[in-house]
Asks: 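This is the structure I have questions about; it appears just below.
Below, each value reflects all heavy atoms present in this structure, side chains not excepted, and no hydrogens, waters or symmetry copies. To find a chain, count down the sequence lines: A is the first, B the second, and so on, and within it residues start at 1. Computed from a prediction, not measured in an experiment: that's the story for all the values here.
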2 protein chains.
Amino acid sequence: MAQVETVLAKKLNTFVRLSPDEMACLASLQSRRRSVSALTEIVYEGQTDHRAWILQEGWANCYKLVPNGGRQIISFPLPGDFMGLRSVLLRTSDHSFASLTDAVISEVSRQTLAEIFRQFPRIAIAILWATSRDEAMVVEHLVNIGRRDAIERLAHLFLELGHRLKMVGLATSEGFACPLNQYVLADALGLTAVHVNRVLRQLRERRLITLTKRQVIIQDLPGLRALAGYDSTYLNGGIDGT
Amino acid sequence: MAQVETVLAKKLNTFVRLSPDEMACLASLQSRRRSVSALTEIVYEGQTDHRAWILQEGWANCYKLVPNGGRQIISFPLPGDFMGLRSVLLRTSDHSFASLTDAVISEVSRQTLAEIFRQFPRIAIAILWATSRDEAMVVEHLVNIGRRDAIERLAHLFLELGHRLKMVGLATSEGFACPLNQYVLADALGLTAVHVNRVLRQLRERRLITLTKRQVIIQDLPGLRALAGYDSTYLNGGIDGT
DNA sequence: CGCTGGTTTGAAGGTCGTCAAGAAGGGTGG
DNA sequence: CCACCCTTCTTGACGACCTTCAAACCAGCG
């Protein structure tokens, strides 16, 4: 098997240095690829399947609908992230995953996962780290919505997305491609689309960050960090990394 | 060892029916008890210890401080709940746990946990279920703050607390003892104490629920559920249970 | 070229925060 | 036993942030 560094491997490499064997294992884990178009449900609330997915290309979102008609976006899975790993072990999933763009995903069955965990314990550790990071992101998201105002929330979200995309080679310090529209941003941040629009304008006018044509352009990284009170330790578990 | 049903066993019993052996194992797991007074830090942000705790008596809270001086409460561990289980496996903890009242806790080391998992796989499953439920609660908390207004948030929080306390025999359908003051409620719900006060009055005037003298009195359970859009499936993983 | 999804902007109003101060309770010490 | 704390609760006034409603605009696409 050709020595390809998958997005997952790239991400896990920031936590543990993987051997060629382990990289190959990860590559084979992700060999069963499948394309889905934008806005496809991948894991739905109440599902009892013991399957999970790895997002290979494109963006997705994990959300929960509330009875009054609203939607709260919990997280944005990016390439290299797992989706629905919780439902592999037990429980029916209590939230849904859907693609936001055209995407490529690969299936992970309970069996293959168990097999890999037996053969490659270091990969198991690395995946545990990744899921632990995912939980930390949900917690930080909670803090973001609970204790920051609109402009800080947006700044924080963009900083986190930039950081994560950088890990898998999809962002630079200058910016990144971002398919999120203002409705999606609103549903993620507990705001309305109209207000997101106004706040984006503020960020633009203050020359901090600009979102145009599905492209985020970071103009003042230190300024953004200061504004959002951004501390990225929750993303790398205390191990430095911008 | 006397056949005591610990709070933890009571909670896990709602998920899997435990055998006497397993109950005894859980009892011994929690034998190293320790008292702490109110407002004691149990797990602090940045801690690298490989220890976790089980809350036996009293209330605690898990929170994160933000640079601008605020505090966001992530969750309220109740008797029978784990605290800091994440930091047992890996990562430094990225949030803190502290007691809210005088409390009794018991330490769980990585070794004993590993030992139990080896000997009693069904307990392992049950504990996995419990941590999975904890994550689901954080997600629901996120939805609560992101997509509900103040009165709905409070109603939802009280319904969840009542449900969880009932599992360990500390609540009835009529109400429960609740040591949370309005500042704590505010920090949990992304509000201010002043506004919490006003909203509590509304709940009282609408004869839905009353909080007086550290005591929650539920006056209209169906009304509360309707108001909050409360769906408890996230607490029991699809397995019925009020 | 008209449709559709997304962005932008204005006006008006409501929820919630801020500031401030008083009341109510519980504990402590004189 | 009362005076004097302290913490917590309560209420009012005012303003800011954010929502709601509405409409115009723009770009891509069939």
Asks: Between the two ends of the helix from C/dC1-D/dG30 to C/dG30-D/dC1, what is the bend in degrees, rounded to 10 degrees, where each end axis spans five pairs?
Replies: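 Nearest ten degrees gives 30° for this helix.
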Asks: Can you tell me if B/Lys213 touches the phosphate of D/dT8, counting only side-chain N or O atoms and a distance under 4.0 Å to OP1 or OP2?
Replies: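 Answer no for this pair, as no side-chain N or O of B/Lys213 is under 4.0 Å from OP1 or OP2.
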Asks: Using a 4.0 Å heavy-atom cut-off across all strands, classify A/Arg198 as base, sugar-phosphate, or nothing.
Replies: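 It contacts base atoms.
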Asks: Of the options A/Arg148, A/Arg147, A/His141, which is the one that meets A/Asn144 in a side-chain hydrogen bond (donor to acceptor under 3.5 Å, both in side chains)?
Replies: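 By the side-chain hydrogen bond (donor to acceptor under 3.5 Å, both in side chains) criterion, A/Asn144 pairs with just one of A/Arg148, A/Arg147, A/His141: A/Arg148.
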Asks: What residues, two or more places apart in sequence or in another chain, satisfy side chain to side chain contact (heavy atoms under 4.5 Å, CB included) together with A/Thr212?
Replies: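 Here the qualifying residues are A/Thr210.
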Asks: For A/Ala150, answer base if it contacts any base atom (sugar-phosphate contacts may also be present), sugar-phosphate if it contacts only those atoms, and nothing otherwise; contact means non-hydrogen atoms under 4.0 Å.
Replies: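 Here A/Ala150 touches the backbone only, sparing every base.
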Asks: Which part of the nucleic acid, if any, lies within contact of A/Arg214, taking any heavy atom under 4.0 Å across all strands shown: a base, the sugar-phosphate backbone alone, or nothing?
Replies: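 The residue A/Arg214 makes sugar-phosphate contact but no base contact.
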Asks: In whole angstrom, what separates A/Leu154's CG from D/dC17's P?
Replies: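 The answer, rounded to whole Å, is 15 Å.
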Asks: What nucleic acid atoms does B/Asn181 come within less than 4.0 Å of, heavy atoms only: base, sugar-phosphate, or nothing?
Replies: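 Sugar-phosphate, no base atom in range.
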Asks: Does B/Gln182 put a side-chain nitrogen or oxygen below 4.0 Å from OP1 or OP2 of D/dT10?
Replies: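 Result: yes.
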Asks: Once you apply a heavy-atom cut-off of 4.0 Å, does B/Leu191 come out as touching a base, just sugar-phosphate, or nothing?
Replies: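 Sugar-phosphate: the residue B/Leu191, judged by heavy atoms under 4.0 Å, touches backbone atoms but no base.
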Asks: Within the pair B/Arg201 and D/dT10, is there a side-chain N or O less than 4.0 Å away from OP1 or OP2?
Replies: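 The answer is no; no side-chain N or O of B/Arg201 sits under 4.0 Å from OP1 or OP2.
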Asks: Which one, C/dG17, D/dT20, D/dA27, comes nearest to the side chain of B/His195?
Replies: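 In terms of side-chain proximity for B/His195, the closest of C/dG17, D/dT20, D/dA27 is C/dG17.
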Asks: Would you indicate which nucleotide in D/dC21, D/dC9, C/dC16 comes nearest to any side-chain atom of A/Val194?
Replies: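 So the side chain of A/Val194 is nearest to D/dC21.
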Asks: What's the shortest heavy-atom distance between A/Leu227 and A/Ala155, and which atoms?
Replies: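 Minimum heavy-atom contact is CD2-CB, 4.0 Å.
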Asks: Can you find a side chain N or O atom of A/Asn197 that sits less than 4.0 Å from OP1 or OP2 on C/dT8?
Replies: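 It does, given that an N or O in the side chain of A/Asn197 lies less than 4.0 Å from OP1 or OP2 of C/dT8.
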